[in-house]
Number of protein chains: 2
Amino acid sequence: MPLKLRGNPSRKTYSEVNMVTIKQVSEKAGVSSATVSRVINNTGTVKEKTRELVMAAMAELGYRHNVVAASLASNKTHTIGYVVPELHGSFFGAMMGGTEQALRQAKKHMLIATGHSDAQIEKEQIDALLSRRCDALILHVEAVSDEYLVNLVQQGVELVVVNRFIEEIGDNCISLDNVKGGYLASRHLLDIGHTQIAYIAGSLFKADGKNRLTGHQQALADMGVEYTDNLTYEGNFQAKSGTEGIRALVARGAKFTAVACANDEMASGAMIALRELGRRVPEDVSVIGFDNVDFASYLSPGLTTIDYPVQKIGSMAAHWVLERVYGHIRHEYQHILSPRLILRGTTSSPE
Amino acid sequence: MPLKLRGNPSRKTYSEVNMVTIKQVSEKAGVSSATVSRVINNTGTVKEKTRELVMAAMAELGYRHNVVAASLASNKTHTIGYVVPELHGSFFGAMMGGTEQALRQAKKHMLIATGHSDAQIEKEQIDALLSRRCDALILHVEAVSDEYLVNLVQQGVELVVVNRFIEEIGDNCISLDNVKGGYLASRHLLDIGHTQIAYIAGSLFKADGKNRLTGHQQALADMGVEYTDNLTYEGNFQAKSGTEGIRALVARGAKFTAVACANDEMASGAMIALRELGRRVPEDVSVIGFDNVDFASYLSPGLTTIDYPVQKIGSMAAHWVLERVYGHIRHEYQHILSPRLILRGTTSSPE
DNA sequence: GCTTCAATTGTAAGCGCTTTCATTTTTTAT
DNA sequence: ATAAAAAATGAAAGCGCTTACAATTGAAGC
């Protein structure tokens with residue numbers, strides 16, 4: 001005997017109302033449900049005539065494919081799980097935008113989750129996405145350990161880690177060459193004649209912060225300028241710490257004609273402090289940022305900075321997935337992307 | 001006879017490897033699979049003792065719930081489909097962030113799609129999300145007609161339209177009072193003594209653009225200042241059109257001591273043009289924007305503007321869904337949100 | 001016309017879970 | 001102790017689809 005209807009009978013939701021199945025279509029078209037499935041998925045061989053028959057039946061009944069059922073049966077969800085620290089700000093939107101663009105054409109979708117830079121939450125979210133049987137994961141996670149991620153890969157989880165490099169699973173990583181970026185920034189300053197260059201670093205416990213500083217040091221070394229801790233201030237990637245950095249540097253009597261910052265927010269903060277101190281940018285002090293965030297061009301003068309090709313990283317991640325998980329061919333991707341210098345108005349030769 | 005294994009046998013994906021089922025758990029625990037399901041979902045009544053037994057079996061086997069199968073059986077996916085025009089920029093990230101925060105606690109997830117302000121694409125995306133059996137949709141769509149959306153609602157699709165108001169389905173809409181925002185901006189300018197106020201409008205074929213201008217006109221009327229087209233320029237919401245707006249206004253001989261812009265980008269553009277013309281902000285000309293985007297506070301002087309509570313709109317949408325679709329109680333939400341004035345440095349009384 | 005092989009279609013067994021209903025066990029009241 | 005009520009559990013029928021395999025049809029070759 002048949003079961004009763006499920007769900008709350010008092011409110012007809014969309015899914016209860018519109019539930020034309022493949023079975024009904026097959027009956028109306030006078031074929032088997034297997035054939036209907038074949039035309040839906042465009043698999044197997046179907047005679048043009050029957051195909052039209054099925055299409056007509058689907059149209060007439062207003063059939064809508066049930067992807068959930070298909071996923072269960074085929075063990076493929078055509079869904080990519082995406083973990084980012086936060087959704088606000090322009091960085092992750094740009095990255096996801098890059099991914100989405102590439103995935104849309106392949107009819108894949110993204111299931112989004114935020115990790116809040118908290119190991120516990122990051123793990124829970126990864127878990128949830130795995131429970132939802134995502135075909136692959138794209139992870140920008142900051143708190144979880146390298147080991148944890150390596151482990152997932154070894155368990156056979158298809159994942160790509162973005163903006164982070166882990167030796168053991170380098171093949172699953174797509175990241176920016178931050179050392180090179182740091183190098184490019186300071187090298188630019190050196191090239192236009194500066195030798196007294198202050199550096200406002202990002203949090204040094206973060207790989208980005210450390211690597212960018214390393215690049216700065218390499219540039220100095222390459223050009224025969226001695227590096228001194230006295231000209232370096234460790235900020236925390238927030239605008240405010242840029243302001244504080246300048247004040248601290250000046251307070252300790254540091255002399256500089258240029259300041260390189262580990263990101264644009266801090267550069268913006270630094271410019272505020274410089275203005276307060278009556279130092280003009282770029283006439284008295286040149287400033288260079290890092291990331292090339294949206295507002296960099298809105299500052300005045302426009303901020304010279306290092307471009308972080310974040311959208312490209314997002315699309316590389318998509319291509320990785322398309323090739324590795326879905327077997328689409330000719331999807332090329334690189335693992336380490338290069339930053340490049342964006343010249344605007346905050347740098348000029350010292351007087 | 002049993003079917004053969006499916007999928008590509010050459011590469012063991014995660015899902016092929018780790019496929020402990022509820023059945024196996026039930027056997028190990030010596031209970032039926034129904035009971036296992038009960039403990040997983042915390043439904044029905046399960047004795048504490050058996051519950052522990054099941055938990056232990058799950059832990060030992062490394063069981064992972066298969067949400068896809070559960071969705072098929074229960075006809076609920078715990079997934080919200082989200083359509084936004086684009087992912088880049090900070091606006092939609094902030095909105096989705098607001099939604100995500102509210103949904104995370106309820107263990108719902110978001111499936112993201114972009115509509116690119118193209119009716120065809122928007123429809124396809126809505127369709128795809130429906131095929132994936134999202135329990136509800138949150139839509140910021142710009143190209144699709146009111147009628148189309150009304151129709152969906154009438155078909156029983158659970159959806160909430162954000163940043164757009166449609167009379168017939170007002171209950172499904174969450175939007176900003178743009179007229180009020182426009183009013184607030186110009187009213188502020190009037191209150192501090194300006195009477196010659198230029199207005200750089202957004203695209204007037206868009207509801208936002210039109211409503212904000214209406215607010216501006218109402219403020220003028222309220223304060224007994226006559227409105228004149230000569231002081232209004234229709235831009236397109238891009239920074240450049242703000243620059244062009246000022247130039248055009250000046251070129252046509254318009255006299256003004258303040259300029260209200262329909263968004264922050266145009267305000268930023270306007271400031272650039274003003275600077276070119278040697279007019280100081282705010283000493284010679286006051287400027288006010290609209291939206292309070294991220295970079296508004298980074299400009300110098302900081303941009304006085306109208307706050308668009310976009311994150312709040314995102315969270316309201318989540319609450320709507322939580323209450324209406326999932327029956328969670330005490331999830332309050334408003335349909336029309338109010339903007340408010342953010343005072344920074346670009347406005348002052350005329351000299 | 002008859003075989004052979006390829007193209008097309010159908011049959012039916014799952015995919016892993018939820019949920020109704022029936023059954024069994026436990027508790028409570030008398 | 002015993003009947004009645006409540007709590008806990010189990011059996012099994014789907015949810016709507018995919019897909020291996022079998023069966024059928026059609027075309028080509030001789």
Side-chain angles (χ1 to χ4, degrees), chain A residues 1-9 13 15-16 18-27 29-54 58 61 63-78 130-133, chain B residues 1-9 13 15-16 18-27 29-54 58 61 63-78 130-133:
Chain A
M1 88 198 61
L3 293 181
K4 291 218 185 127
L5 234 62
R6 298 176 191 163
N8 177 356
T13 65
S15 30
E16 284 164 353
N18 181 312
M19 262 291 107
V20 180
T21 69
I22 223 180
K23 190 84 194 308
Q24 295 171 46
V25 173
S26 74
E27 279 160 9
V31 298
S32 76
S33 63
T35 298
V36 176
S37 174
R38 289 189 186 102
V39 352
I40 290 170
N41 296 294
N42 203 27
T43 61
T45 48
V46 177
K47 222 197 300 185
E48 183 55 27
K49 198 68 183 272
T50 50
R51 169 197 184 65
E52 278 163 15
L53 230 55
V54 171
M58 294 200 300
L61 295 174
Y63 172 77
R64 166 144 19 227
H65 191 47
N66 185 327
V67 174
V68 173
S71 293
L72 178 60
S74 69
N75 200 26
K76 280 231 164 310
T77 57
H78 302 284
L130 254 18
S131 276
R132 280 161 181 269
R133 303 286 138 167
Chain B
M1 92 196 61
L3 292 180
K4 290 214 187 133
L5 235 61
R6 298 176 190 163
N8 177 355
T13 66
S15 30
E16 285 164 353
N18 182 312
M19 263 290 108
V20 180
T21 70
I22 222 180
K23 189 84 193 309
Q24 296 170 46
V25 172
S26 74
E27 279 161 9
V31 298
S32 76
S33 62
T35 299
V36 176
S37 174
R38 288 188 187 102
V39 352
I40 291 171
N41 297 295
N42 202 27
T43 60
T45 48
V46 178
K47 220 197 305 187
E48 183 55 25
K49 198 68 183 273
T50 50
R51 171 197 181 64
E52 279 163 15
L53 230 55
V54 171
M58 293 200 302
L61 294 174
Y63 173 77
R64 166 163 281 136
H65 192 48
N66 185 327
V67 175
V68 173
S71 294
L72 178 60
S74 69
N75 200 26
K76 280 230 163 313
T77 57
H78 303 284
L130 254 18
S131 275
R132 280 162 181 269
R133 304 286 139 167

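To find a chain, count down the sequence lines: A is the first, B the second, and so on, and within it residues start at 1.
- For Arg38(A), the side-chain atoms get nearest to dC21(D) when compared with the rest of dA12(C), dC21(D), dC17(D).
- Distances from the side chain of Thr50(A) to the nucleotides dT9(C), dA12(C), dC15(D) place dT9(C) closest.
- Residue Thr21(A) has its side chain nearest to dG16(D) when only dG16(D), dC17(C), dG10(D) are considered.
- Across the protein-nucleic acid pair, Ile22(B) atom CD1 and dG16(C) atom P stand 11 Å apart, rounded to whole Å.
- Using a distance-only test at 3.5 Å, with no hydrogens or angles considered, a donor-acceptor pair links the side chain of Ser71(B) to the main chain of Lys76(B).
- Between Ser32(B) and dG10(D) there is a side-chain N or O to OP1 or OP2 distance below 4.0 Å.
- Toward the 5′ end of DNA chain D lies the nearest nucleotide of Lys47(B), the other residue of the pair Ala69(B) and Lys47(B) mapping further downstream.
- Distance from the side chain of Ser33(A) is smallest for dA12(C) among the nucleotides dA12(C), dG14(D), dC17(D).
- Taking only side-chain nitrogens and oxygens, Asn41(A) comes nearer than 4.0 Å to OP1 or OP2 of dT18(D).
- When heavy atoms are screened at a 4.0 angstrom cut-off, Val46(A) is found touching the sugar-phosphate backbone but no base atom.
- OP1 and OP2 of dT18(C) both lie 4.0 Å or more from every side-chain N or O belonging to Asn75(B).
- Side-chain contact between Ile40(A) and Tyr63(A): present, with at least one pair of heavy atoms (C-beta onward) separated by less than 4.5 Å.
- Contacts of Ala70(A) with the nucleic acid, taken as non-hydrogen atoms under 4.0 Å apart, involve only primed sugar atoms and P, OP1 or OP2.
- Residue Thr35(B) has no polar side-chain atom (N or O) positioned under 4.0 Å from OP1 or OP2 of dT9(D).
- Taking side-chain N and O atoms only, Thr45(B) has no distance below 4.0 Å to OP1 or OP2 of dA7(D).
- OP1 and OP2 of dC17(D) both lie 4.0 Å or more from every side-chain N or O belonging to Ser37(A).
- Interface remark: the Arg64(A) side chain does not form any donor-acceptor pair with the dG16(D) base, using a distance-only criterion of under 3.5 Å.
- Within 4.0 Å (heavy atoms only), Val31(B) reaches sugar-phosphate atoms of the nucleic acid but no base atom.
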